[in-house]
Structures are given as structure tokens and as C-alpha cells.
**Q** 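Following this message is one structure expressed as C-alpha cells.
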Amino acid sequence: MRQYVQQITRIQEDERNRIARDLHDETAQALYALTRQVDNYIRSSANLQADTSAFLKGWWNRLK
């Protein structure tokens, strides 16, 4: 019985680790995509107001 409980605990911990890795990978990919989109928007929008441009560049720097 003890071995069975240890095996279940190990399987649960492995699953938690897998989920944590998946979440980390998905979040990193989403943040990278967002940085590219913000960068592209800043570069392609020459008519941005100064405060809007500064705001976007500030977020872009935080996301890098």
C-alpha cells in the first residue's frame, strides 16, 4: 500500500511539473509574439502621438 501511495504521489508531481513547463512555454511564446507586434506597430505608425509612442516603447522594453 505504501509503495502504491508513493507511486501516485510521484505521478502527481510529474504531472504538476509538466503543466508548469507547458504554462511557462505558452506564456513565453505569447510574450514574444506581443513584443514583435508592439515593435511592428511602433515602426509602422509614424503618426503616433509622443505620449502614445512613449507608452508603447515603455511596454516593449518591459516585455523584452
Side-chain angles (χ1 to χ4, degrees):
M1 180 72 165
R2 183 177 179 183
Q3 186 178 11
Y4 179 70
V5 171
Q6 287 174 338
Q7 183 179 8
I8 290 174
T9 303
R10 189 173 344 111
I11 290 169
Q12 287 174 333
E13 189 60 33
D14 290 347
E15 182 68 6
R16 283 187 199 105
N17 287 333
R18 184 192 65 77
I19 291 169
R21 277 192 309 276
D22 289 349
L23 288 173
H24 179 267
D25 291 347
E26 290 173 14
T27 303
Q29 290 174 0
L31 286 174
Y32 179 76
L34 182 58
T35 61
R36 302 297 354 128
Q37 288 176 348
V38 170
D39 185 47
N40 289 338
Y41 185 75
I42 290 169
R43 291 174 188 267
S44 67
S45 300
N47 298 335
L48 288 178
Q49 294 179 2
D51 59 339
T52 303
S53 179
F55 174 78
L56 290 173
K57 286 178 182 178
W59 274 105
W60 183 80
N61 286 324
R62 289 180 189 152
L63 293 171
K64 289 196 308 185

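Just so it is clear, the structure is predicted and the values come from calculations on it, not from any experiment.
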**Q** Passes side-chain contact (heavy atoms from CB on, under 4.5 Å), R36 versus Y32? Steps please.
**A** CA-CA 6 Å; R36 302 297 354 128; Y32 179 76; 3.3 Å; yes
**Q** By the rule that ILVMFWY residues connect when side-chain heavy atoms come within less than 4.5 angstrom, directly or transitively, which residues belong alongside Y4?
**A** I8
**Q** In the hydrophobic cluster built from side-chain contacts under 4.5 Å, what are the other members alongside I19?
**A** L23
**Q** As a quick check of understanding, evaluate side-chain contact (heavy atoms from CB on, under 4.5 Å) for L56 and Y41, giving each step before the final call.
**A** CA-CA 9 Å; L56 290 173; Y41 185 75; 3.6 Å; yes
**Q** Under 6.0 Å from the CD atom of Q12, do we count more than 12 heavy atoms belonging to anything else shown?
**A** yes
**Q** Within a radius of less than 6.0 Å around CD of E15, do more than 12 heavy atoms belonging to other residues, nucleotides or ligands occur?
**A** yes
**Q** Kindly say whether K57 contributes a backbone atom to a donor-acceptor pair with the side chain of N61 at under 3.5 angstrom?
**A** yes
**Q** Using 0.5 Å steps for rounding, measure from the CG atom of D22 to the CG atom of N17.
**A** 11.0 Å
**Q** Inspect the contact between R10 and E13 and indicate whether a charged nitrogen and a carboxylate oxygen are less than 4.0 angstrom apart.
**A** no
**Q** Are there more than 12 heavy atoms of other residues, nucleotides or ligands under 6.0 Å from atom CZ of R18?
**A** yes
